[in-house]
Amino acid sequence: MRPLLFAANWKMHLGPDDARAYLKAFRARYNRREHREVWFFPPAVSVEAAAQSARDRADLLVGTQDIYWEPKGAFTGAVSAPLALQAGARATLIGHSERRHVFGETDDDTRRKLGAALGAGLLPVLCVGETLAERDAGHTLAVVIRQLAAALSGLDGAALSRVVVAYEPVWAIGTGRTPTPADVVEVHNFIREHLTARFGAAGEGMRVLYGGSVKPSNAKELLTLANVDGALVGGASLKADDFLGIAAAYM
Ligand code: PGA
């Protein structure tokens with residue numbers, strides 16, 4: 001059974017003090033549950049504060065929103081996987097839609113970053129998803145498979161079992177719009193079939209999250225769909241209360 005995973009992407013919000021206050025409030029009200037993990041992705045400057053606030057809770061984990069593939073060097077502004085680990089990160093987002101579409105990250109960049117994350121011992125959450133134009137043109141499944149295949153090429157079973165996939169339609173991120181349940185199921189089933197066909201048991205064990213305008217009011221509907229193993233949440237993760245309403249959904 002794949003443990004459910006609820007991931008909070010704080011994007012460019014919540015500095016170190018806010019992160020500490022948030023984690024304090026969250027952990028006071030969120031009790032450990034079987035087969036359920038909660039991961040937080042603060043901005044890089046808040047990773048250490050968040051990680052310290054989550055320590056001694058094995059079900060809560062902190063990660064970075066991005067890494068650069070080189071381990072060190074003259075790369076102003078970038079954070080490497082070893083540096084993120086030193087700050088207390090255990091995971092990292094890879095290829096988030098905003099990295100791809102605001103910062104121009106390519107499929108090949110995601111492959112290198114994913115390899116660097118795994119090599120350093122970080123758990124990668126690989127984000128994939130189509131733009132509205134790609135959906136309207138009927139290319140959703142092709143885009144998702146292209147992004148998956150590019151980022152996962154060359155990995156073996158042991159490495160793959162540590163990768164989490166997040167399907168996030170670009171047009172649903174931060175817009176309040178979500179795909180219909182049937183559309184979510186179609187894409188998640190397709191991803192699951194692809195992972196299993198390509199990678200066998202390791203692919204079967206990989207978790208596939210849904211992301212894009214998940215909020216307390218729609219979490220239950222989205223998270224009880226077939227082959228949805230949890231959620232990646234942006235806006236509704238910024239307040240501990242809202243995210244609690246999602247992480248505790250369908251109890
Ligand atoms: P959203 O963002 O929940 O605000 O739509 C999701 C994400 O970007 O991961």
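All ligand and atom numbering here is 1-based and tracks the order in the structure.
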Can an N or O of Gly234 be found at a distance shorter than 3.5 Å from an N or O of ligand 1? yes

Could you tell me, atom by atom, which parts of ligand 1 come under 4.0 Å of a heavy atom of Gly212? 5 (O)

Suppose we measure from atom 9 (O) of ligand 1 to each protein heavy atom; which comes out shortest, and what is that distance? Glu168 OE2, 2.7 Å

Do the rings of His188 and Tyr210 sit parallel, tilted or perpendicular, given the 30° and 60° boundaries? tilted

Tell me whether Arg112 is salt-bridged to Glu70, with the criterion being a basic N under 4.0 Å from an acidic carboxylate O. no

For ligand 1, which atoms sit closer than 4.0 Å to a heavy atom of Lys11? 2 (O), 7 (C), 8 (O)

Heavy-atom donor-acceptor pair, Arg207 side chain to Pro3 backbone, under 3.5 Å: yes

Carboxylate-amine/guanidinium proximity below 4.0 Å for Asp59 and Arg36: no

Could you tell me which atoms of ligand 1, counted from 1 in the order shown, lie closer than 4.0 angstrom to a heavy atom of Gly235? 1 (P), 3 (O), 4 (O)

What part of Asn9, side chain from CB on, backbone N/CA/C/O, both or neither, has a heavy atom under 4.0 Å from ligand 1? side chain

For Ala172, the atoms of ligand 1 under 4.0 Å from one of its heavy atoms are 5 (O)

Closest approach of Phe41 and Ala7, non-hydrogen atoms and distance? CE1-CB, 3.9 Å

Near His96 (heavy-atom distance under 4.0 Å), the atoms of ligand 1 are 7 (C), 8 (O), 9 (O)

If the contact criterion is a heavy-atom separation under 4.0 Å, does Ala236 count as touching ligand 1? no

Heavy-atom side-chain contact between Val128 and Glu168 under 4.5 Å: no

Whether the Tyr167 and Gln147 side chains hold a donor-acceptor pair (N or O, under 3.5 Å, no angle test) is what I'd like checked. no

Under a 4.0 Å N-O cut-off, is there an ion pair linking Arg29 with Asp241? yes

Which ligand 1 atoms are under 4.0 Å away from a heavy-atom of Leu232? 9 (O)

Return yes or no for this condition: an N or O of Gly174 is under 3.5 Å from an N or O of ligand 1. yes

Sub-4.0 Å heavy-atom approach of Ala7 to ligand 1: no

